[in-house]
Amino acid sequence: MADFETPALREYPVIPLIQAGTMDHSKSYVAKADHNTPLGFPGELVENWEQKAVDKLGELVSKSRALQVFLDSCVKCGACTDKCHYFLGTSDPKNMPVARQDLLRSVYRRYYTFAGKYFPKLVGARDMTRDVLDEWYNYFHQCSQCRRCSVFCPYGIDTAEISMAAREIMDSVGLGQKYTNEILVKVNKIGNNLGLPGPALINTLEGLEEDVKDATGVDVKYPVDVQGADVLLVTPSADFFAEPHIDGLIGYGKVFHASGISWTMSSFASEAGNFGMFIGSGANLHKVASRIREAALDLGVKRIVVGECGHAWRVAYSFWNTLIGPFDFLDPRYPVPQHICEFTYDLIQKGALKFDKSANDDKVVTYHDSCNVSRASRMGNFPGGQFVIPRAVVKAAVNKYVDMAPETIYESTYCCGGGGGLLTDELLELRVKGAMPRMQSLKDVIEQHGVTHMATICAICKAQFTKIVPYYKHDMGMIQSVHGLVSNAIRLGAVNG
Ligand code: SF4
Ligand code: SF4
């Protein structure tokens, strides 16, 4: 399959011995001018980039007290060193969170601290050089911004924020990453990350209506651009075409159908994902999110519901209000935004949905908590809702459910290995190796409880897992959308759907 070794899964998880430089070669493609300039970045590495990068770092630190505290307060206690899935999977010490932070911290110290200016060697301060920049590019694109390390740091230092700052600096001097920037250009031009134009989207959804009618005998609709619908659903564009994502979309439609609540998608805002977050770019984050506000106003909806996408939910839950709010034009009786799992859960609580769980009796299901949902957002109106609600939805639809080891779920969940702008083929080795800790805990429940399927509510997790589970000798069909399970079990009137 590829010329790297898939990490061995063991009887018990093992912290690897350090192997320096094992991932030095891992480099994602650099963005070209036409991926950079439409986003407001220089087309290529600018003249005098060293000084400009240092100036940008100073600007970011002066604007963000959190970033300054993160850079100033690490005491090198080592608590984070074995918490990153990329270190556990690659053994490369630069993938230890503290070492990753130090790539940026060393430059910050050199230019912005007294000790670093006058005694650089004593405090590990470094000049901004081409070697340093290349190291930043490689290793800040080996961080999925999952925030697992921050859970274990006694000071709460968030490496994801440092990684976002480093990427923001690199973009500002013309060294962007192709995968992320190209997608941002696409969403701005066409409305979604896939570059699927409106007519093709409508075609796809009409085809889906026919498929669901054939399978269930029920006229479930997948409406687009319906003026005055109650709900605008924004979902990751992967839901429109790939498995298991599309099973989730089929499930959302069935839930809306069963609820009797009118809904629509938008051909203008046909993307919930927002890669602006991955590159720390407030301007791009705002531009992508604004499409959703505009669509909600144009369509005159009362509520906005977000489909299964981890980072999209973080952006919606944590940033929308200040980024594209206020939402005073929406119905105040409902949360803004609302997650599709909250929407389905509320209906389940009210007894408004009926399930035949035996439709999923060929499966023993476990659930993978997605990083951005677990550690950067919430759901429902009670603490821990982001863990309880998706599980409650799964359990409403299946009879056989098992959790993975407690130290690998909830807020301690392991990243899938493909988040944060790393879901690109040239990083496949990193992705396969970074998935090792999650594959280890999956192996344990397969062996101990006969688990056959793993469900999740993140488009990136689904795309990453379907790609990498074959490296660990599993069938890609084991990965499920939560609403795909709902779709199998929900009863739609007289005919089972
Ligand atoms: S944020 Fe996640 S990927 Fe990045 S260093 Fe921390 S644990 Fe690793
Ligand atoms: S756990 Fe926090 S303080 Fe300790 S080494 Fe890691 S980042 Fe530094």
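Keep in mind that this is a model prediction, so the values were computed, not measured. Atoms within each ligand, like the ligands themselves, are counted from 1 in listed order.
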Go through ligand 2 atom by atom and flag the ones less than 4.0 Å from a non-hydrogen atom of [X].
X      : answer
Gln101 : 7 (S)
Pro154 : 1 (S)
Tyr155 : 3 (S)
Ala79  : 1 (S)

Search all heavy atoms of Cys80 against all heavy atoms of Pro97 and return the closest pair with its distance.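 Nearest heavy atoms, Cys80 then Pro97: O-CD, 3.3 Å.
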One thing to verify: whether Glu182 and Lys186 come together as a salt bridge, which I'm taking to mean a side-chain N less than 4.0 angstrom from a carboxylate O. no
Salt bridge or not between Asp102 and Arg105? Use side-chain N to carboxylate O under 4.0 Å. yes
Does Asp171 have any salt bridge (Lys or Arg N to Asp or Glu O under 4.0 Å) partners at least two apart in sequence or in another chain, and if so, which? none
Residue pairs involving residues 6-17 (criterion side chain to side chain donor-acceptor pair (under 3.5 Å); sequence neighbours excluded):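 Counting only pairs at least two positions apart or across chains, no side chain to side chain donor-acceptor pair (under 3.5 Å) contact touches residues 6-17.
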State which residue, out of Arg391, Lys395, Lys363, His449, fulfils the side-chain hydrogen bond (donor to acceptor under 3.5 Å, both in side chains) condition with Tyr401.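 Per the side-chain hydrogen bond (donor to acceptor under 3.5 Å, both in side chains) rule, the option paired with Tyr401 is Arg391, out of Arg391, Lys395, Lys363, His449.
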If the plane angle is over 60° it's perpendicular, under 30° parallel, otherwise tilted; pick one for Tyr410 and Phe387. parallel
Give me the nearest non-hydrogen protein atom to [atom] as residue plus atom name, then the distance to 0.1 Å.
atom                    : result
atom 4 (Fe) of ligand 2 : Cys77 SG, 2.3 Å
atom 2 (Fe) of ligand 2 : Cys153 SG, 2.3 Å
atom 8 (Fe) of ligand 2 : Cys74 SG, 2.4 Å
atom 6 (Fe) of ligand 2 : Cys80 SG, 2.4 Å

Result, protein N, O or S atoms below 2.8 Å from atom 4 (Fe) of ligand 1, excl. waters, equals 1
Working to the nearest 0.5 Å, report the span between OG of Ser281 and CG of Leu184. 7.5 Å
If a pair satisfies salt bridge (Lys or Arg N to Asp or Glu O under 4.0 Å) and one of its residues is in residues 448-470, list it, with sequence neighbours excluded.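 Counting only pairs at least two positions apart or across chains, the salt bridge (Lys or Arg N to Asp or Glu O under 4.0 Å) contacts touching residues 448-470 are Glu308-Lys462, Asp425-Lys467.
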Cation over ring face, Lys178 and Tyr29, 6.0 Å, 45°: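 Checked: cation-pi criterion not met.
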